[in-house]
Amino acid sequence: MLKSQSPAPDTETRPPSHLFYLSSLRRPLVDRAEGIYIWTQDGRRFIDGSSGPMVANIGHSNRNVLDAMKRQMDRATFAYRLHFENEPAEELARELAGKLPEGMDRIFFVSGGSEATESCIKLARQWAVATGQPKRWKVITRFPSYHGGTLGSLSVTGDDALAETFAPMMQVMPTVPAPAAWRDRDNLSLEQRGIRYADMLEEKILAEGPESVLAFIMEPVGGAATAALVAPDSYYPRIREICDRYGILLIHDEVMSGAGRTGKFLGGDHWNCKPDIVALSKGLGSGYAPLGALAAPMRLVQPVLASGGFQHGHTYAGNPLACAAGLAVLGEMDRLGLIANAADMGDLLMGELKGLAKRFPFIADVRGKGLLLGAEMVADPDTLRPIAPAKKATQRLLDLAYERGLIIYGRKVKGGVDGDNFMVAPPMIVTREQIGEIIAIIGDSLQVLAGELDLPVEG
């Protein structure tokens, strides 16, 4: 994701790697991590200002979580769900159900976010078939959006850069515009714009044929595809109303926004917007073990079970070691009051980022909830003209911060092709002093970026 301008000191003497990811780029070898910090084997320290890809919610190397995992390792690290039940999975499911909206008490564990969203889609489809609605198969999604990298989850991902190559291999689903109401130049209020964006869903349902539409999937607080986009408050209840009107399931992708990161356990909780199905991952395991979950009410699950069972599964579903980690993560969130801290520190961080926006007017918008925050950069703050893609502004900013020992996150926000942004999402244990350190590095990096790309600076 990040790209340095020159090789790291310890990469020049290391043997060639047999791994491949996005490119042949080499990165320094990690040595250890603790709290919000990560150290490399050559002695450098990095602030994890994005919690990896918004994963390490409770911070690195939490001793209570590690001890819980070690205790489980001494008992059993694997038990296949078709052969055995296991206590960590049962306990985690009960604990998780208690934190979700009332009735959202049937849990299906997976290993990651793409598995979670795909599981939601498959449950929705099986429910429709089991209840005599086999014509319902279309899942409307937003553009841009990100819901995963498997072919199923990619089919509901609104990102041209990721999907184009694989489009012939999958059923591409209908889209509606993501509610980027802050960009609109009209005489409407934000609340009126929120209603207008929500009504685009109804228009799409009618255009597709209501009898063919199965579900609408959305991130209550946007992830990397929209840099923490938040819709106007009016958007959320209208979306719920439209889904109910046409018998369509509302799926909330809380892979990034869930597990406390936004200052509520679920991002949708900020608007009391209750979905029909929820996808969770990332912060649920907090980087200690691969873990994700689908949550749904019994009214959806029972018809599926009665018709022969959920025709879906993964080898590591309900893995006892992963679930022991997840149970300990939830325990530490409660013990340390991390959801409240995410709300408080998020308010502080939001204020500091807005202060940077005053210094650097090319930051046209700062948005998000809690410790899931993003800022969008443009060439002209008056017209919102984007920075020329050839300048690679997002990548350069990530590089500048990385060189100064800070990891932040960014991706193009207009379908993966255009639109520059950066995201700041440190672990939920972050302190006031650490936020000051993060902001200082971002400010220094923005100053250099402005000079290199001739972007406007105040004073």
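Sequence positions, counted from 1, serve as the residue numbers for this chain.
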Participant: Which residues satisfy the salt bridge (charged side-chain N to carboxylate O under 4.0 Å, His left out) test with Asp365, sequence neighbours excluded?
Facilitator: Arg367

Participant: Salt bridge check: are Arg245 and Glu241 linked by an N-O gap of less than 4.0 Å?
Facilitator: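 Yes, this pair counts.
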
Participant: Below 4.0 angstrom, N of the basic side chain to O of the carboxylate: do Asp159 and Arg411 qualify?
Facilitator: yes

Participant: Restricting to salt bridge (charged side-chain N to carboxylate O under 4.0 Å, His left out), what partner residues turn up for Asp186, sequence neighbours left out?
Facilitator: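 Testing Asp186 for salt bridge (charged side-chain N to carboxylate O under 4.0 Å, His left out), a comparison that skips the adjacent residues, returns Arg193, Arg196.
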
Participant: Would you call Arg240 and Asp276 a salt bridge, using N to O less than 4.0 angstrom?
Facilitator: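 Salt bridge present between Arg240 and Asp276.
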
Participant: Where do Phe216 and Ile248 come nearest, in terms of heavy atoms and distance?
Facilitator: N-CG2, 3.7 Å

Participant: Look at the aromatic rings of Tyr316 and Phe78 and report parallel, tilted or perpendicular, splitting at 30° and 60°.
Facilitator: perpendicular

Participant: What is the minimum heavy-atom distance between Ile277 and Leu300, and which atoms define it?
Facilitator: CG1-CD1, 3.7 Å

Participant: Identify the residue among Val176, Thr226, Val156 that makes a side chain to side chain contact (heavy atoms under 4.5 Å, CB included) with Arg142.
Facilitator: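 Result for side chain to side chain contact (heavy atoms under 4.5 Å, CB included) with Arg142: Val176.
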
Participant: Could you walk me through whether Lys99 and Asp334 pass the salt bridge (charged side-chain N to carboxylate O under 4.0 Å, His left out) test, one step at a time?
Facilitator: CA-CA 11 Å; Lys99 295 180 180 298; Asp334 291 341; 3.0 Å; yes

Participant: If you take all heavy atoms of Gly148 and Ser114, which pair is closest and at what distance?
Facilitator: CA-OG, 3.2 Å

Participant: Looking only at the side chains, is there a donor atom on one of His270 and Lys264 sitting less than 3.5 Å from an acceptor on the other?
Facilitator: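 Checked: His270/Lys264 side chains show no N/O donor-acceptor pair below 3.5 Å.
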
Participant: Are side-chain N/O atoms of Asn421 and Tyr409 paired as donor and acceptor at under 3.5 Å?
Facilitator: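 No donor-acceptor contact under 3.5 Å links the two side chains.
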
Participant: Is Glu376 paired with Arg183 through a side-chain N to carboxylate O contact shorter than 4.0 Å?
Facilitator: yes

Participant: Check Glu211 with Lys135, please: is the shortest side-chain N to carboxylate O separation under 4.0 Å?
Facilitator: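 Answer for the salt bridge query: no.
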
Participant: Looking at every non-hydrogen atom in both residues, tell me the closest pair between Ala89 and Gly318 and how far apart they are.
Facilitator: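 Here Ala89 and Gly318 meet closest at CB-O, 3.9 Å.
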
